[in-house]
Number of protein chains: 2
Amino acid sequence: MLNTESPRQFKRAAYGGLADVTKALGSPRRLELVDLLVQGPRPVESLARATAQPIASASQHLQVLKRARLVDTERQGTTIEYRLAPGVSEVLVALRRLAHARSAELRETTDSFFEDAPSIDRERLTALLREDGAVLIDVRPTAEFEQAHLPGARSIPVEALADRLAELPADRLIVACCRGPYCTFAADAVRLLQARGYRAARFEDGVAEWAADGGALEAARP
Amino acid sequence: MLNTESPRQFKRAAYGGLADVTKALGSPRRLELVDLLVQGPRPVESLARATAQPIASASQHLQVLKRARLVDTERQGTTIEYRLAPGVSEVLVALRRLAHARSAELRETTDSFFEDAPSIDRERLTALLREDGAVLIDVRPTAEFEQAHLPGARSIPVEALADRLAELPADRLIVACCRGPYCTFAADAVRLLQARGYRAARFEDGVAEWAADGGALEAARP
DNA sequence: TCTGTATTCAACATAGTTATTGAATAGCGA
DNA sequence: TCGCTATTCAATAACTATGTTGAATACAGA
């Protein structure tokens, strides 16, 4: 009998180890960082800018995630890239789905924010693409598009959209997709398109949700 | 344009709402309560006893889980039963798998605690049952067995096992299953069986992991 | 070797969380 | 209606996490 631990001690250690992970996920700031990292690896300064916080603050949150082994780091030239650990993206998708299934308040928050940009789900998107000849554009930065995107999506970053309207057919529904349920890029794109007379809608998920549902993804092709 | 929120305000609210869920999961005590509730609904006092904590303490943790909508309550006669919300069990399974995939320390904690009780995984269990005529016993309390159990499992609660050895064939491998990866019942059963000359092994998962992998479950049949 | 800059560290004030204790409440069952 | 007991509340002290600031470090590139 080699183990000298009591069951209580073991449970303290085991649930404690689990809680190291859930504690690391237990902060809005860190959830936002994780949600960004789903799109691909990034250096600290870029993460800090994208989440509107001081660099030192972002760095500390990232270190918490690293201690919980939710991210890995790799030096790339003069910067250090943080990258999501395998499996984390799936857990984030599951957590957000659980939260939205259970909290009417959270649904209300997102629904009211995206009120003026008609949102469509995965099933509806598939139908619109197949049957109605809708055009799917991915409005994230090109680097993220190149990491992974929905099959058939065309990359038009939201900040370039106004200059590239000529690429879009005026008689088709344009569906914009972005990082995920809390990303505002697609809604911005939809508002711009609507203002220019296009019919447009926002895909409510991102690549992580698409993949979690068994959808295939493509890489590269800028 | 009805929504007056800025994107930053929206993100604060959205990630904050998500964090309400992850914060609630961010305590070893509450994780242990959730892990117990996976086995079925229970009143406060029973949860407190099973997790070795004062009732007031358990009650407060349960209320945190309730505010995060991870559990629901229902009065049953003179007691109040807490019950896991749908979908929570799957998330717990995913979180524990992620933690174990990433943390060598956590693997070491469980491996060393269960060192003297040979542990087998789902795949091996299926093979042993089909090809070697192994006998599967469920050593949880009967109430939990009746909620849900693995197909073909026989209920022999661990505290009754010593008195019911006659029910077990001496020439077969006995596999004991219990609540899940952090439950010590199966290991206790294996040690007892080994001391009485049986070949015995511990199934390392519980019904939640089994179901998450697409396995069917049975109910009742005490 | 040196310089510049991306990242981390240290220290602090503030805020929030946890465990514990004893008192209060609520609602079943008689 | 009333008593009983399961549960919750309130108050406290110890602890832990957060955001902020400015200084320190470490390393690529010259």
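First the proteins, then the strands, lettered A, B, ... as listed; each starts at 1.
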- [ ] Return no unless some side-chain N or O of B/Tyr82 is found under 4.0 Å from OP1 or OP2 of D/dT8.
- [x] yes

- [ ] Grab the CZ-P distance between B/Arg49 and D/dA6 for me, whole Å please.
- [x] 10 Å

Task: Spacing between B/Ile55 atom CD1 and C/dA24 atom P, to the nearest angstrom - done: 18 Å

Open item on the list: As an exercise, state the distance from CG of A/Leu33 to CD of A/Gln53, rounded to the nearest 0.5 Å.
Closed with: 5.5 Å

- [ ] Give a yes or no on this: more than 12 heavy atoms of other residues, nucleotides or ligands lie within 6.0 Å of atom CD of B/Glu105.
- [x] no

Open item on the list: Suppose we call two aromatic rings close when their centres sit under 6.0 Å apart. Are B/His100 and B/Tyr182 close by that rule?
Closed with: yes

Open item on the list: For a quick check, with a 4.0 angstrom heavy-atom cut-off, what is the B/S/- contact string for nucleotides 16-21 of chain C, read 5' to 3'?
Closed with: -SSSBB

Task: Between C/dC9 (P) and A/Leu62 (CG): distance, integer Å - done: 12 Å

Task: salt bridge (charged side-chain N to carboxylate O under 4.0 Å, His left out) between B/Asp213 and B/Arg97, intermediate numbers included - done: CA-CA 12 Å; B/Asp213 286 333; B/Arg97 285 186 169 165; 3.0 Å; yes

Task: Rounded distance in Å - CG (A/Leu31) to C1' (D/dT18) - done: 15 Å

TODO: Quickly work out the B/Leu47 CG to D/dT8 P distance and round it to whole Å.
DONE: 11 Å

TODO: For salt bridge (charged side-chain N to carboxylate O under 4.0 Å, His left out), just list the numbers for B/Asp72 and A/Arg102, CA-CA rounded to whole Å, side-chain angles, deciding distance to a tenth of an Å, and then say yes or no.
DONE: CA-CA 11 Å; B/Asp72 292 313; A/Arg102 297 287 306 170; 2.9 Å; yes

- [ ] Grab the two heavy atoms, one from A/Ala200 and one from A/Val190, that are nearest each other, plus how far apart they are.
- [x] O-CG1, 3.9 Å

Task: Contact list for DNA chain C against residues 70-80 of chain A - heavy-atom distance below 4.0 Å - done: A/Thr78, A/Thr79, A/Ile80

TODO: Give a yes or no on whether A/Arg122 atom CZ has more than 12 heavy-atom contacts from other residues, nucleotides or ligands under 6.0 Å away.
DONE: yes

Open item on the list: Parallel, tilted or perpendicular, judged at 30° and 60°: which one describes the rings of B/Phe114 and A/Phe10?
Closed with: perpendicular

TODO: In whole angstrom, give the distance that lies between atom CZ of A/Arg67 and atom P of D/dT16.
DONE: 14 Å

Task: Matching residue for A/Val207 among A/Arg179, A/Gln147, A/Arg140, A/Glu144 - test: side-chain contact (heavy atoms from CB on, under 4.5 Å) - done: A/Arg140

Task: Short side-chain N/O contact to D/dT8 OP1/OP2 from B/Ser59, under 4.0 Å - done: yes

Task: Whole-Å gap separating C1' (D/dC27) and CD (A/Glu81) - done: 16 Å

TODO: In whole angstrom, give the distance that lies between atom CG of A/Leu33 and atom P of C/dT7.
DONE: 13 Å

